[in-house]
Visitor: 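Below is the structure I would like to discuss, written out as structure tokens.
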Amino acid sequence: MKNTSKHEGLRNQLANQLAEKGITDKKVLEAIKKIPRHLFLDSSFGDFAYQDKAFPIGAGQTISQPYTVAFQTQLLEVKKDQKILEIGTGSGYQTAVLCLLGAKVYSVERQNELFKTTSLLLPKLGIRPKHLSFGDGYKGLPNHAPFDSIIVTAGAPIIPKALMAQLKIGGKLVIPLGDKEQVMTILIRKNETQFEKHEFGDFKFVPLLENKN
């Protein structure tokens with residue numbers, strides 16, 4: 001697996017592009033500069049890896065556009081050692097960004113093919129989430145709850161109640177809500193029963209699928 005100075009230059013260009021598009025969190029931009037996105041893609045897409053575009057990664061899924069990854073991560077306001085649940089491991093690129101920011105990442109993927117590939121790839125790159133799991137993202141990871149933050153990387157028609165229940169008081173859930181197109185939404189848990197909702201514009205994600213045993 002090669003990671004050359006050319007790739008480094010392309011990553012720097014990508015980070016500058018994201019800054020121009022409104023990403024202001026310097027730690028997020030630094031993570032984008034460090035993570036070799038080309039290694040998370042099929043080699044046939046390698047030459048395009050640092051364009052601000054989504055690409056297919058198998059099992060009908062995509063690696064999100066870098067701007068979307070950076071935007072969701074910026075909304076999370078990640079602090080070192082925070083316990084974060086990621087719904088939709090996918091290629092592992094978003095997982096890598098969170099790990100580089102010092103989070104303790106627990107991630108769930110429902111596509112077994114992607115789960116296996118990513119479980120092998122991340123350690124090879126020196127990226128070690130606390131826990132990778134194959135299962136139904138709608139259910140979250142109750143055995144590891146509560147979480148400081150939860151990030152959902154697929155479009156959800158509704159907010160899964162299980163995820164709301166697994167959020168700490170004061171915690172933040174970042175989720176793209178909607179069917180064909182989604183609105184990036186934040187829920188902040190105020191107490192046992194109340195959540196504060198904020199919306200941050202339109203995005204397009206692959207759907208969050210349910211009922212994986």
Visitor: Indicate yes or no for a side-chain donor-acceptor contact from R189 to the backbone of M164 under 3.5 Å, with no hydrogens or angles considered.
Guide: yes
Visitor: Hey, what do you get for OG1 (T73) to CD1 (I32), rounding to the nearest 0.5 Å?
Guide: 7.0 Å
Visitor: Once you round to the nearest 0.5 Å, how far does NZ of K139 lie from CD1 of I87?
Guide: 12.0 Å
Visitor: Where does the angle between the aromatic ring planes of F71 and F200 fall among parallel (under 30°), tilted (30 to 60°) and perpendicular (over 60°)?
Guide: perpendicular
Visitor: Say whether S107 and E86, considering side chains only, have a donor N or O and an acceptor N or O under 3.5 Å apart.
Guide: yes
Visitor: Quick one: pull up CG in L114 and CD1 in I57 and give me the separation to the nearest 0.5 Å.
Guide: 4.5 Å
Visitor: Is it true that R110 and D136 have a side-chain N and a carboxylate O under 4.0 angstrom from each other?
Guide: no
Visitor: Would K130 pass as a cation-pi partner of Y106, given that its NZ or CZ must be under 6.0 Å from the six-membered ring centre and within 45 degrees of the axis?
Guide: no
Visitor: How many angstroms lie between atom CG of L173 and atom CZ of F147, to the nearest 0.5 angstrom?
Guide: 12.0 Å
Visitor: Taking the side chain as everything from C-beta on, heavy atoms only, tell me whether L125 gets closer than 4.5 Å to L121.
Guide: yes
Visitor: Sub-3.5 Å donor-acceptor pair from the side chain of T118 to the main-chain atoms of G90, do we have one?
Guide: yes
Visitor: I want to check something: taking the side chain as every heavy atom from C-beta on, are K104 and I84 in contact at a cut-off of under 4.5 Å?
Guide: no
Visitor: Heavy atoms only: give me the nearest S91-F40 pair and the separation to one decimal.
Guide: O-CD2, 3.2 Å
Visitor: Which pair of heavy atoms, one from D179 and one from P157, lies closest together, and at what distance?
Guide: OD1-CB, 3.2 Å
Visitor: Between Q74 and T24, is there a donor-acceptor pair closer than 3.5 Å when you use the side chain of the first and the backbone of the second?
Guide: yes
Visitor: If we only count heavy atoms from C-beta on, is the T89 to F115 side-chain gap below 4.5 Å?
Guide: no
Visitor: Taking the side chain as C-beta and beyond, is there a heavy-atom pair between K172 and S149 under 4.5 Å?
Guide: yes
Visitor: Pair E196, L187 - check side chain to side chain contact (heavy atoms under 4.5 Å, CB included), show working.
Guide: CA-CA 5 Å; E196 186 179 290; L187 283 190; over 6 Å; no
Visitor: Do L100 and K34 have side chains that get closer than 4.5 Å, going by heavy atoms?
Guide: yes
Visitor: Donor-acceptor pair, Q61 side chain versus Q111 backbone, under 3.5 Å?
Guide: no
Visitor: So, does Q13 use its side chain to make a donor-acceptor pair with the main chain of E8 at under 3.5 Å?
Guide: no
Visitor: Which pair of non-hydrogen atoms, one from L122 and one from P129, has the smallest distance, and what is that distance?
Guide: CD1-CG, 3.9 Å
Visitor: Would you say I159 and V183 are hydrophobically clustered, going by side-chain heavy atoms of ILVMFWY under 4.5 Å?
Guide: no
Visitor: Between L167 and L163, does a side chain to side chain contact (heavy atoms under 4.5 Å, CB included) hold up when you go through it step by step?
Guide: CA-CA 7 Å; L167 198 59; L163 299 187; over 6 Å; no
Visitor: Do you know which two heavy atoms are closest between L76 and I150, and how far apart they sit?
Guide: CD2-O, 4.1 Å
Visitor: Quick one: OG1 on T68 to CD1 on I63, what's the gap to the nearest 0.5 Å?
Guide: 11.0 Å
Visitor: May I have the step-by-step check of side chain to side chain contact (heavy atoms under 4.5 Å, CB included) for L85 and H144, ending in yes or no?
Guide: CA-CA 9 Å; L85 172 61; H144 296 279; over 6 Å; no
Visitor: Mind checking the OG1-CD spacing from T95 to E109? Nearest 0.5 Å is all I need.
Guide: 9.0 Å
Visitor: Quick check: do D202 and Q182 have side-chain heavy atoms less than 4.5 Å from each other?
Guide: no
Visitor: Will you find, in the side chains of Q94 and S64, an N or O donor that is under 3.5 Å from an N or O acceptor?
Guide: no
Visitor: Which of these, I186, T185, D25, sits in a side chain to side chain contact (heavy atoms under 4.5 Å, CB included) with L75?
Guide: I186
Visitor: For a quick test of reading the model, state the closest non-hydrogen atom pair linking L177 to I158 and the distance between them.
Guide: CD2-C, 3.6 Å
Visitor: Just wondering, do F55 and T62 contact through their side chains at under 4.5 Å, heavy atoms?
Guide: no
Visitor: Could you go through the salt bridge (Lys or Arg N to Asp or Glu O under 4.0 Å) check for D148 and K83 one step at a time?
Guide: CA-CA 5 Å; D148 294 302; K83 193 173 168 187; over 6 Å; no
Visitor: For residues R11 and N16, is any side-chain donor paired with an opposing acceptor at under 3.5 Å?
Guide: no
Visitor: Please check this pair: side chain of Q82 against backbone of K79, looking for a donor-acceptor N/O pair closer than 3.5 Å.
Guide: yes
Visitor: Surrounding NZ of K53 (heavy atoms of other residues, nucleotides or ligands, distance under 6.0 Å), is the total greater than 12?
Guide: no
Visitor: Is a side-chain N or O of S133 found less than 3.5 angstrom from the main chain of V108, in a donor-acceptor match?
Guide: no
Visitor: With a 3.5 Å cut-off and no angle check, do the side chains of H38 and Y50 form a donor-acceptor pair?
Guide: yes
Visitor: Just checking, K190 and F195: is the charged tip under 6.0 Å from the six-membered ring centre and within 45° of the axis?
Guide: no
Visitor: Please determine if R37 forms a cation-pi arrangement with Y93, meaning its NZ or CZ atom is less than 6.0 Å from the six-membered ring centre and no more than 45° off the ring axis.
Guide: yes
Visitor: Verify, without hydrogens or angle tests, whether H7 (side chain) and T4 (backbone) share a donor-acceptor contact under 3.5 angstrom.
Guide: yes
Visitor: Is a donor from one side chain sitting under 3.5 angstrom from an acceptor on the other, for D52 and Q65?
Guide: yes
Visitor: What I'd like to find out is whether the side chain of N191 reaches to under 4.5 Å of the side chain of T193, using heavy atoms alone.
Guide: yes
Visitor: Search all heavy atoms of I175 against all heavy atoms of A156 and return the closest pair with its distance.
Guide: CD1-CB, 3.7 Å
